[in-house]
Every structure is written in structure tokens, then in C-alpha cells.
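Reviewing the structure listed below.
Along the sequence shown, residues are numbered consecutively beginning with 1. What you are looking at is a predicted structure, and each value in this text was computed from that prediction instead of being measured.
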Amino acid sequence: MIKSIEDRTELFERKEFRNSITEFHREFEKVDGAVTGDELEKLNPLKHIFADGLYIREIKVPANQFCITKIHKKKHPLFLLSGKISILSEHGKDTFTAPHYVITLPGTQRAVYSHTDCVLVSVHATTETEVDKVEEEVIAKDFNDPEITEHDMKLLMEEAE
């Protein structure tokens with residue numbers, strides 16, 4: 001049973017944000033001069049580290065860059081090791097200065113602006129040891145991914161404590 005009307009409202013707002021960021025991302029990629037895809041990865045060097053059931057992904061982001069992240073399927077930590085960023089997600093807008101960390105929930109996609117050069121690290125539990133396979137496991141193609149919809153339903157169906 002759904003916990004309350006507030007939970008239904010929260011789900012509606014989450015879906016509305018997801019629809020908006022999906023459309024915004026689609027339009028952003030059309031903007032002349034927008035850096036996306038392989039170009040974005042060249043500007044943001046990635047470092048991949050594997051350790052006993054963990055995949056650690058370090059990314060360097062230059063100052064004054066705006067990007068939209070991929071859609072996350074799994075709950076995991078994200079650490080801001082250096083710099084200052086502003087993040088817009090379905091959970092609101094925040095500005096963080098290193099050191100700082102957040103917990104990323106399934107279904108999270110963020111619009112991110114780096115005020116300064118930044119270093120971010122995410123850590124993912126996985127038994128995979130190849131980057132492509134890890135990405136298949138932790139990144140969704142869209143918000144209809146079963147792991148995301150299952151997580152959303154679990155949040156709504158939890159009994160009130």
C-alpha cells in the first residue's frame with residue numbers, strides 16, 4: 001500500500017523532473033558548441049580502479065563546465081575530492097565545496113556545473129572487472145530500466161514506521 005498522498009506527490013514530481021531532464025538533455029545535445037559524448041570524455045579524463053569487489057571511477061572536471069550525468073541504476077557514494085560544484089537533480093539544487101560526499105540513489109541523473117576544477121570519485125560494488133561490463137551494470141539507458149522502477153516502487157510500498 002502506498003504510504004501517503006505525499007509519497008504519490010513525490011513520485012509525480014520525480015517523474016516530472018525525469019521527463020524534464022531527459023528533454024533538456026536531448027535539446028542540450030543539439031546546441032552548437034555543446035560538448036557531449038566522446039568529446040566530453042576527452043575533456044574529463046577518467047581513471048578506472050578495481051579492488052576486491054569494487055569499481056572506483058575518478059573523473060577530473062575542468063572549471064566552468066556544464067554537463068548532464070548518465071542515469072544511475074545502483075545506490076553508491078559520490079565523493080567530491082577537490083573543487084566546487086553545483087548539482088541539480090530530482091532531489092533539488094545544491095552547491096558543494098570539497099571535501100564532500102553524497103549517496104546516489106537509483107534513478108538519479110544530475111545537471112552539474114563546475115565552478116572550479118574538480119575531482120570526483122564514485123565507488124560501485126561489482127564483481128565485474130571490465131569497464132564496459134560495469135557500465136552496463138550500473139548505468140541505465142533510460143528511466144524505464146527495471147532496477148529504477150523497482151526501486152521507485154519499493155520506496156512507495158514501504159510501510160510507514
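Side-chain contact of His151 with Thr149: a donor-acceptor pair under 3.5 Å is absent, judged by distance alone.
For the pair Ser89 (side chain) and Gln109 (backbone), a donor-acceptor distance under 3.5 Å is absent.
Between Ile85 and Leu80 there is a side-chain heavy-atom pair separated by less than 4.5 Å. A heavy-atom distance below 4.5 Å is found between the side chains of Pro62 and Gln65. The shortest distance between side-chain heavy atoms of Lys60 and Leu43 does not fall below 4.5 Å. Using a 4.5 Å heavy-atom cutoff, the side chains of Ser122 and Thr104 are not in contact. The shortest distance between side-chain heavy atoms of Val31 and Glu29 does not fall below 4.5 Å. Residues Ile139 and Ile71 form no side-chain contact, since every pair of their non-hydrogen atoms from C-beta on lies 4.5 Å or further apart. In this structure the side chain of Lys84 never reaches within 4.5 angstrom of the side chain of Asp117, judged on heavy atoms. Here the side chains of Ile87 and Phe96 are in contact, with some heavy-atom distance below 4.5 Å.
Hydrophobic clustering of Ile, Leu, Val, Met, Phe, Trp and Tyr side chains at less than 4.5 Å, counting indirect connections, unites Leu88 with Ile21. Hydrophobic clustering of Ile, Leu, Val, Met, Phe, Trp and Tyr side chains at less than 4.5 Å, counting indirect connections, unites Tyr101 with Leu81. One hydrophobic cluster, built from ILVMFWY side chains closer than 4.5 Å, holds both Ile68 and Tyr113. Neither Leu105 nor Leu78 shares a network with the other; the hydrophobic side chains, linked directly or stepwise wherever heavy atoms of I, L, V, M, F, W or Y lie under 4.5 Å apart, form separate groups for each. Clustering ILVMFWY residues whenever any of their side-chain heavy atoms sit less than 4.5 angstrom apart, transitively, puts Val138 in a cluster other than the one holding Val123.
One finds the CD atom of Glu136 at 6.5 Å from the NZ atom of Lys141 (value rounded to the nearest 0.5 Å). Summarising the geometry, atom OG belonging to Ser20 is positioned 14.0 Å from atom NZ belonging to Lys15; distances are rounded to the nearest 0.5 Å. To the nearest 0.5 Å, atoms NE2 (His48) and CG (Leu46) are separated by 4.5 Å. The line from NE2 of His25 to OG1 of Thr69 is 8.5 Å long, rounded to the nearest 0.5 Å. Between His72 atom NE2 and Asp145 atom CG the span is 13.0 Å, to the nearest 0.5 Å. Ile148 CD1 to Arg14 CZ: the interatomic distance, rounded to the nearest 0.5 Å, is 11.0 Å.
Taking a cutoff of 4.0 Å between a charged side-chain nitrogen and a carboxylate oxygen, Glu90 and Arg18 qualify as a salt bridge. In this structure, Glu137 does not pair ionically with Lys133, as no charged nitrogen and carboxylate oxygen lie closer than 4.0 Å. A salt bridge links Arg26 with Glu23: at least one charged nitrogen is closer than 4.0 Å to a carboxylate oxygen.
Between Gly107 and Phe143, the closest heavy-atom pair is O-CE2, 3.2 Å. Taking every heavy atom of both residues into account, Lys93 and Ser86 meet most closely at NZ-OG, 4.4 Å. Between Gly83 and Cys118, the shortest heavy-atom distance links the atoms CA-SG, 3.9 Å. Shown here for Val61 and Ser114, the closest heavy-atom pair between the two residues is CG1-OG, 3.6 Å.
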Discussion item. Determine whether Thr97 and His115 satisfy the following criterion, side chain to side chain contact (heavy atoms under 4.5 Å, CB included), listing intermediate values before the conclusion.
Written reply: CA-CA 10 Å; Thr97 301; His115 300 272; over 6 Å; no
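Classified by interplanar angle (parallel below 30°, tilted 30° to 60°, perpendicular above 60°), the ring pair Phe28/Phe24 is parallel.
The aromatic ring centroids of Tyr55 and Phe50 lie less than 6.0 Å from each other.
The only member of His124, His76, Glu135 that meets side chain to side chain donor-acceptor pair (under 3.5 Å) when paired with Arg57 is Glu135.
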